[in-house]
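First the structure, in the form of structure tokens, and then the observations on it.
Remember, it's a predicted structure, so these values are computed and weren't measured experimentally. Computation of the quantities below employed the complete heavy-atom set of this structure, encompassing side-chain atoms and omitting hydrogens, waters and symmetry-equivalent molecules.
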Amino acid sequence: MTSAAPPDSATFPAAIADRLRREILTGAIAPGSPIKERDHAERLGISRTPLREAVRILAKEGLVTLRPLRSPLVTDLTRAEAMDEVAVLRLLELAGGELACANATEAEIAAIAALARAVEDNHATGDKVEVFDIDMRMHRAIVAAGHNAALSRSYGEYLARLWRIRFLSARRRSDAAQVLAAHRGMVDALAARDWPAMRAHMESHLDGLVRNLDAHFSDDDAEA
């Protein structure tokens, strides 16, 4: 068996976390399933220590739920839990967008625009996990550009807890054109520091997220 990175690498646990994250996002490791140290360490050809550290990384992101004296579980949100999380995420993201229109630097706006272009350039043919990560980096960058550390921290926590379910819903969606148009609209509004226009594009984007999540859970209910 081969390891995901050299055992003496300082980033070894992060490399293991990257691999497990991809497996969780794509469903190779199912929601609600336990992350058994012995089984996964043997499968990946590593010791338990870096695996344990990798799982802690994923727990901070909300992808894994730690349990005392028991194997961690891949987080599996219910419809009600996901919708409650999205309702708070919406308020935080809109607050971040308003602050970004007021406080973002020109360099931050340019970086956000570059991330939006990367999503648009790669959404059709790029690696789905990598494109999704760029998309989420763009959203985090908008909130961070508001220069309110407490808001950014809270937003990051909610975004992390919704990471897997948001990826799965985005993978199923058929509204890519509308999503990319909303991204362009947000970038243009941010560059113009036009909060009303920014809010309209963000609201449209977030409405699409709710519809996609609802469709995701409806599909799951039909398959059950």
Pick from Val74, Leu25, Leu51, Leu63: which one makes a side chain to side chain contact (heavy atoms under 4.5 Å, CB included) with Leu20? Leu51

Verify, without hydrogens or angle tests, whether Lys36 (side chain) and Ala41 (backbone) share a donor-acceptor contact under 3.5 angstrom. no

Counting neighbours of CZ on Arg67 that are heavy atoms of other residues, nucleotides or ligands and sit closer than 6.0 Å, is the number greater than 12? yes

Go through it in stages, so that I can follow the logic: the residues are Leu94 and Glu203, the test is side-chain contact (heavy atoms from CB on, under 4.5 Å), and I'd like the CA-CA distance, side-chain angles, deciding distance and then a yes or no. CA-CA 8 Å; Leu94 288 170; Glu203 289 275 14; 3.6 Å; yes

Which heavy-atom pair separates Arg79 from Ser218 by the least distance, and what is that distance? NH2-N, 3.4 Å

Checking Glu85 against Arg166 for the salt bridge (charged side-chain N to carboxylate O under 4.0 Å, His left out) test, could you report, in this order, the C-alpha distance in whole Å, the side-chain angles of both residues, the deciding distance, and whether it holds? CA-CA 11 Å; Glu85 298 274 343; Arg166 193 166 182 172; over 6 Å; no

State the CG-NE2 distance between Leu159 and His139, to the nearest 0.5 angstrom. 8.0 Å

Intermediate values then yes/no, salt bridge (charged side-chain N to carboxylate O under 4.0 Å, His left out), Arg38 and Glu42: CA-CA 6 Å; Arg38 183 178 64 183; Glu42 182 177 345; 5.7 Å; no

Asn122 (side chain) donor-acceptor with Ala118 (main chain) under 3.5 angstrom: yes

Once you round to the nearest 0.5 Å, how far does CD1 of Ile16 lie from CD1 of Ile57? 10.0 Å

Rounded to the nearest 0.5 Å, how far does CD1 of Ile109 lie from SG of Cys101? 8.0 Å

Nearest-0.5 Å distance that lies between atom CE in Met198 and atom CE in Met186: 6.5 Å

Of all the heavy-atom pairs spanning Val187 and Ala113, show the shortest one and how long it is. CG1-CB, 3.6 Å

Residue pairs passing the side chain to side chain donor-acceptor pair (under 3.5 Å) test where at least one lies in residues 103-120, sequence neighbours excluded: Thr105-Glu108, Glu106-Arg193, Glu108-His147, Glu120-Arg184

Side chains of His40 and Val55 in contact at under 4.5 Å (non-hydrogen atoms): no

To the nearest 0.5 Å, tell me how far Asp127 CG sits from Arg22 CZ. 4.0 Å

Tyr155 to Arg140 - nearest heavy-atom pair and separation: CE2-CA, 4.0 Å

Report yes or no: does Thr11 contribute a side-chain atom to a donor-acceptor pair with the main-chain N or O of Ala14 at less than 3.5 Å? no

Shortest non-hydrogen pair, Asp76 vs Glu81, comes out as O-OE1, 4.2 Å

Rounded distance [0.5 Å steps], CD in Glu53 versus OG1 in Thr49: 6.5 Å

For a quick check under 3.5 Å, do His216 and Asn212 share a side-chain donor-acceptor pair by atom type? no

Count I, L, V, M, F, W, Y as connected when their side-chain heavy atoms are under 4.5 Å apart, and connections chain through other members. Are Leu77 and Val210 then in the same cluster? yes

Can you tell if the side chain of Leu209 reaches within under 4.5 Å of the side chain of Leu89, non-hydrogen atoms only? yes

Using the rule given for salt bridge (charged side-chain N to carboxylate O under 4.0 Å, His left out), can you reason through Arg21 versus Glu61, listing the C-alpha separation, both sets of side-chain angles and the distance that settles it, and then say yes or no? CA-CA 10 Å; Arg21 184 185 300 107; Glu61 296 176 1; 2.7 Å; yes

If you look at every heavy atom in Ala144 and Ser152, which pair is closest and at what distance? CA-OG, 3.5 Å

Main-chain N/O of Leu151 paired to Ser154 side chain as donor or acceptor, under 3.5 Å: no

Students often mix this up, so state it plainly: with edges at 30° and 60°, are the rings of His205 and His183 parallel, tilted or perpendicular? perpendicular

Does the side-chain contact (heavy atoms from CB on, under 4.5 Å) test come out yes or no for Tyr158 and Arg90, once each step is laid out? CA-CA 10 Å; Tyr158 277 89; Arg90 184 187 199 101; over 6 Å; no

For the residue pair Ser71 and Pro34, what are the closest heavy atoms and their distance? CB-CB, 4.0 Å

Determine whether Val129 and Asp133 make a side-chain contact, defined as any pair of heavy atoms from C-beta on separated by less than 4.5 Å. no

Quick one: do Leu213 and Val86 satisfy side-chain contact (heavy atoms from CB on, under 4.5 Å)? Show the steps, please. CA-CA 9 Å; Leu213 285 176; Val86 168; 3.2 Å; yes

